[in-house]
Structures are given as structure tokens and as C-alpha cells.
Amino acid sequence: MNTKEPELFCRQVNKLIEHGCEISDYEQSIMILNKINYYKLSAYFLPFRDNDGNYKQGTTLLQVYKIYEFDRKLSAFLYGIIQKIEVFVKTQIAYYHSNKYGALGYLDHSNIADKMIEKHKKLIDNFNTEVKRNKELPFVKHHIDNYDGKFPLWVAVELFTLGNTSQFYSQMKTADKKVITRSISYITQTECTYSQLESCLRCLTTLRNKCAHFGRIYYSRFKWFPSLPYEEEYKAYARGRNFIYLYPYLYIMKVLYPSPESWNGVVTELAALIEEYSNYIDINCIGFPDNWEEQLSRE
């Protein structure tokens with residue numbers, strides 16, 4: 001099988017020039033490519049490509065590097081918010097389910113919707129694999145040594161990924177989903193249905209994984225349109241689109257953020273980040289409308 005040969009940094013710069021990228025400082029360009037894998041950086045050139053594969057006039061390596069830098073900071077910012085939401089949702093699920101079904105009730109297939117039993121079995125198998133993989137962690141070792149490897153749900157969720165949490169919620173009986181959703185809605189001060197919460201968790205998992213694994217957010221298209229309670233605002237955004245950028249996923253965070261009184265501070269921080277890179281980025285490449293601050297802020 002043929003593979004590409006590695007190229008020296010100077011050849012990588014020359015290749016960019018050949019495709020129409022403007023290089024004002026050759027040594028600076030070498031330093032940029034020393035810091036960032038050429039292949040990774042090339043993805044940030046996508047908005048600047050013409051149909052023939054060359055770059056649009058005025059495209060500079062410095063601008064693309066600044067977009068990468070913005071994307072990295074944006075990803076870290078979003079990940080911090082998602083972590084808060086993840087901890088919050090796990091807490092609500094573990095508290096309700098444990099009190100209704102007992103500490104180990106999450107292992108019992110009879111506490112799951114009938115059509116979800118096979119998926120639930122896979123989830124528990126994955127959980128047991130995680131226990132083995134993390135057996136040297138103090139809290140895991142403690143429960144293996146002292147409780148015969150039995151993990152109450154409020155402990156087990158510490159080994160759940162957000163994806164696992166989303167899956168477990170989707171596998172619950174509808175009545176249980178509704179109770180958990182009411183509790184979450186009460187704390188977040190945002191009315192949300194159980195089906196909307198299920199959609200939001202699935203979509204948020206996708207974004208979380210992008211952020212955690214250094215995936216590109218800028219000019220990145222997402223597979224799922226989340227179902228959201230902000231119907232009119234959301235429908236106005238979604239109308240006529242056949243793909244999804246980041247913006248609607250910010251609505252998910254607005255819906256699920258566990259400290260609604262401080263949400264506007266989150267919006268302010270995001271606005272500051274966007275302003276810092278306003279000379280380099282195009283907010284349309286993350287799907288943001290011009291009045292995004294007004295739309296995302298809470299009254």
C-alpha cells in the first residue's frame with residue numbers, strides 16, 4: 001500500500017505558497033508548523049479553499065493559525081461548561097434512581113424500559129470493563145476490597161462517561177425520565193420535556209467528545225439537530241439549513257446549565273473570547289447569528 005512521504009517544514013511552507021497561501025514571515029511560518037501538525041492545521045484552511053483546491057486570495061497562514069488558536073480556547077471553554085452539566089445530570093440521575101430502586105437497582109434489567117434491555121446489558125458490560133481498567137483507582141479498589149466489587153449508582157456514575165449517562169437515561173422507563181427531567185428543569189429554571197433532554201444529552205455527548213479529543217469545532221458540521229424548548233428562536237435559526245454548526249449546541253448548555261443565575265457570565269466570557277479573535281474569525285463558521293448574545297442571554 002502506498003503512503004505519503006514525510007515533508008520538511010520548509011517544504012510544507014512552500015506547499016502552502018504553491019496553493020496560494022500568503023506568507024509574510026517565512027521564519028514565523030516555520031515556527032507555527034513546528035508547533036502544530038501540518039495535517040491538523042490543514043483542516044482550518046477549509047473555509048478558504050476554492051473549488052480548484054487552492055486558497056482564496058488574501059489567505060494567510062497567520063490568520064489560519066489564529067483561527068486554530070481560537071478553536072483551541074473555545075474547545076477548552078466549552079469543555080469546562082460541559083463538565084459542570086455532566087456532574088449535575090449524573091447527580092440528578094443517581095439520586096432519583098437510587099432512592100427509587102436501591103443502590104444497585106441500575107444493574108437490574110427490570111428497572112429498564114422493555115425495548116432497551118439488550119442495550120442496557122451492553123452498557124453494564126462496558127461498565128464492568130471500566131471497573132477492571134480502573135481497578136487501581138482508590139475508590140474503585142476500595143469497593144472491590146470492601147464491598148465485593150459492588151458499586152452503588154452514586155459511585156458507579158464516576159466511571160460513566162457522558163455517553164454512558166446519556167445511554168442510561170435513554171434506557172429508563174418513561175415515568176422515571178419525566179421525574180428526572182422535572183427535577184432538572186426546576187433547578188435550571190427552564191422547562192424541558194424528557195424527549196428534549198434525551199436529545200440534548202445525545203448531542204452534548206458528541207460535542208464533549210470533540211472537545212476532549214482535540215477535535216475541530218470551527219467550521220465543523222454536527223450530525224444531530226437537538227430538540228430544544230426554545231422553539232421559535234430555534235426554528236428561526238434552523239429554517240433552511242441542511243447542516244448544523246456549533247450554535248444550537250450552546251442552546252443545550254443554556255437549557256442544562258445548573259447555575260442559571262450565573263449563565264449570563266458564561267455568555268460574557270464567550271463574547272470576550274470571540275472579540276479577542278474578531279479580526280481573524282467569521283462567526284458564521286460556528287453558526288452564530290449577529291444577535292447571538294441577545295439570544296443566548298437569560299432575562
Side-chain angles (χ1 to χ4, degrees), residues 75 78-79 81-181 183-184 192-215 222-227 249 252 256 258:
S75 181
L78 296 174
Y79 189 65
I81 299 170
I82 294 170
Q83 281 183 309
K84 292 180 181 179
I85 294 172
E86 180 177 346
V87 170
F88 166 57
V89 172
K90 285 180 178 179
T91 300
Q92 296 303 308
I93 289 174
Y95 180 83
Y96 169 77
H97 202 277
S98 298
N99 276 282
K100 180 171 182 180
Y101 296 108
L104 301 177
Y106 70 100
L107 299 171
D108 189 341
H109 304 316
S110 67
N111 298 329
I112 296 298
D114 291 340
K115 64 180 181 180
M116 290 292 186
I117 289 177
E118 290 306 313
K119 290 184 177 180
H120 182 252
K121 289 178 180 178
K122 290 180 181 178
L123 175 64
I124 299 305
D125 286 343
N126 290 337
F127 169 72
N128 290 330
T129 299
E130 285 302 304
V131 169
K132 293 176 183 177
R133 184 179 293 137
N134 293 280
K135 61 184 179 181
E136 297 305 319
L137 285 177
F139 81 92
V140 175
K141 191 174 187 304
H142 174 75
H143 280 80
I144 291 174
D145 293 343
N146 296 286
Y147 296 99
D148 197 27
K150 293 182 173 64
F151 294 80
L153 181 55
W154 59 88
V155 177
V157 292
E158 294 301 311
L159 291 176
F160 277 22
T161 63
L162 180 56
N164 295 149
T165 306
S166 174
Q167 292 162 10
F168 184 56
Y169 177 80
S170 71
Q171 294 163 8
M172 290 181 188
K173 297 177 180 179
T174 299
D176 294 329
K177 292 181 188 177
K178 288 181 176 179
V179 175
I180 291 170
T181 303
S183 177
I184 288 175
C192 183
T193 67
Y194 75 89
S195 59
Q196 287 169 341
L197 178 57
E198 191 169 328
S199 172
C200 286
L201 290 176
R202 180 180 63 178
C203 291
L204 201 62
T205 298
T206 300
L207 178 58
R208 182 263 176 210
N209 291 342
K210 271 185 175 287
C211 294
H213 299 290
F214 311 106
F222 292 82
K223 183 177 181 180
W224 306 107
F225 259 118
S227 174
Y249 285 61
I252 297 175
L256 297 180

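We number each residue from 1, following the sequence as shown. Since this is a predicted model, take the numbers as computed values, not measurements.
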Count the heavy atoms belonging to other residues, nucleotides or ligands that lie under 6.0 Å from [atom1] of [X], then report whether that count exceeds 12.
| X | atom1 | answer |
| --- | --- | --- |
| Y147 | OH | no |
| K173 | NZ | yes |
| K141 | NZ | no |

Which of these passes side chain to side chain contact (heavy atoms under 4.5 Å, CB included) with H109: H120, E118, M116?
->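 Among H120, E118, M116, the one meeting side chain to side chain contact (heavy atoms under 4.5 Å, CB included) with H109 is H120.
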Could you label the plane-to-plane angle of the F168 and F160 rings as parallel, tilted or perpendicular, counting under 30° as parallel and over 60° as perpendicular?
->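 Plane angle over 60°, so perpendicular.
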May I have the step-by-step check of side chain to side chain donor-acceptor pair (under 3.5 Å) for N126 and T129, ending in yes or no?
-> CA-CA 5 Å; N126 290 337; T129 299; 5.2 Å; no
Do the side-chain N and O atoms of Y169 and T181 include a donor-acceptor pair separated by under 3.5 angstrom?
->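 Yes.
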Look at the side chain of [X] and the backbone N and O of [Y], then say whether any donor-acceptor pair between them is shorter than 3.5 Å.
| X | Y | answer |
| --- | --- | --- |
| S166 | L162 | no |
| D148 | K150 | no |
| N164 | T161 | yes |

Can you confirm whether [X] sits close enough to [Y] that some side-chain heavy atom of one is under 4.5 Å from a side-chain heavy atom of the other?
| X | Y | result |
| --- | --- | --- |
| W224 | L204 | no |
| W154 | K90 | no |
| N128 | I124 | yes |
| I180 | Y95 | no |
| Q171 | L123 | yes |
| V157 | T165 | no |
| V131 | H143 | no |
| S75 | F214 | no |

Compare every heavy atom of [Y] with every heavy atom of [X], then report the nearest pair and how far apart it is.
| X | Y | value |
| --- | --- | --- |
| S199 | P226 | OG-CA, 3.4 Å |
| G105 | N111 | O-ND2, 2.9 Å |
| Q92 | S183 | OE1-OG, 2.5 Å |
| A212 | Y79 | CB-CE1, 3.8 Å |

Could you check H213 against N209 for side chain to side chain donor-acceptor pair (under 3.5 Å), going step by step and ending with a plain yes or no?
-> CA-CA 6 Å; H213 299 290; N209 291 342; 4.8 Å; no
Between [atom1] of [X] and [atom2] of [Y], what distance do you get to the nearest 0.5 Å?
| X | Y | atom1 | atom2 | result |
| --- | --- | --- | --- | --- |
| D108 | L104 | CG | CG | 10.0 Å |
| F88 | T91 | CZ | OG1 | 8.0 Å |
| F151 | L107 | CZ | CG | 10.5 Å |
| L207 | I252 | CG | CD1 | 7.5 Å |
| Q83 | E86 | CD | CD | 7.5 Å |
| L78 | Y249 | CG | OH | 12.5 Å |

F222 six-ring centre to K210 NZ/CZ under 6.0 Å and within 45° of normal =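 Yes, cation above the ring, under 6.0 Å and within 45°.
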Can C200 and L256 be said to form a side chain to side chain contact (heavy atoms under 4.5 Å, CB included), step by step?
-> CA-CA 9 Å; C200 286; L256 297 180; 4.1 Å; yes
Can the ring centres of Y106 and H97 be said to be less than 6.0 Å apart?
->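 No; H97 has its ring centre 6.0 Å or more from that of Y106.
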Would you sort out whether Y101 and D176 count as a side chain to side chain contact (heavy atoms under 4.5 Å, CB included), showing the intermediate values?
-> CA-CA 11 Å; Y101 296 108; D176 294 329; 2.6 Å; yes
I93/M172 under side chain to side chain contact (heavy atoms under 4.5 Å, CB included): CA gap, chis, key distance, verdict = CA-CA 10 Å; I93 289 174; M172 290 181 188; 3.3 Å; yes
